[in-house]
Amino acid sequence: MNTADKHFKFINSKTGYVIFYSSLSTTLTPNEQKAELDKIRAQVATKNRINQETVYWEEIKD
């Protein structure tokens with residue numbers, strides 16, 4: 001894994017639990033990052049059978 005990657009956690013806002021982790025390359029533009037995060041959020045919501053609006057992401061800062 002590239003240390004320049006940005007790391008994100010996806011959280012169920014109803015429970016407060018982290019339900020998924022993901023990393024994105026820092027070479028992506030901000031618009032590309034948002035599009036990819038939205039795509040991942042939709043997949044996570046579908047897999048966990050919850051409303052997509054219930055899932056949000058936060059960048060993990062070290």
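When a residue number appears, it is its place in the shown sequence, counting from 1.
Other cluster members for Tyr21: Ile11, Val18, Tyr56, Ile60, joined by side-chain heavy-atom distances under 4.5 Å among Ile, Leu, Val, Met, Phe, Trp and Tyr.
Between Ser23 and Phe8 there is no side-chain heavy-atom pair separated by less than 4.5 Å. Within the 4.5 Å cutoff, no side-chain heavy atoms of Thr26 are placed close to those of Asp5.
The nearest pair of heavy atoms linking Gln33 to Leu28 is NE2-O, 3.5 Å.
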List the atom pairs, with distances to 0.1 Å, where a side-chain N or O of residues 47-54 and a protein N or O form a donor-acceptor pair under 3.5 Å, not counting sequence neighbours.
residue: Asn48; atom: ND2; partner: Val44; partner atom: O; Å: 2.8
residue: Asn51; atom: OD1; partner: Glu53; partner atom: N; Å: 2.7
residue: Thr54; atom: OG1; partner: Asn51; partner atom: O; Å: 3.3

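Sorted by first and then second residue, the salt bridge (Lys or Arg N to Asp or Glu O under 4.0 Å) pairs involving residues 20-35 (not counting sequence neighbours) are Lys34-Asp38.
Residues meeting the salt bridge (charged side-chain N to carboxylate O under 4.0 Å, His left out) test with Lys14, sequence neighbours left out: none. For Thr15, the side-chain contact (heavy atoms from CB on, under 4.5 Å) criterion is met by Asn12, Tyr17, not counting sequence neighbours. With sequence neighbours excluded, the residues satisfying salt bridge (charged side-chain N to carboxylate O under 4.0 Å, His left out) with Lys61 are Glu59.
In this structure, CZ on Arg41 lies 5.5 Å from CH2 on Trp57, to the nearest 0.5 angstrom. Atoms OG and NZ, on Ser22 and Lys9 in that order, are 14.0 Å from each other to the nearest 0.5 Å.
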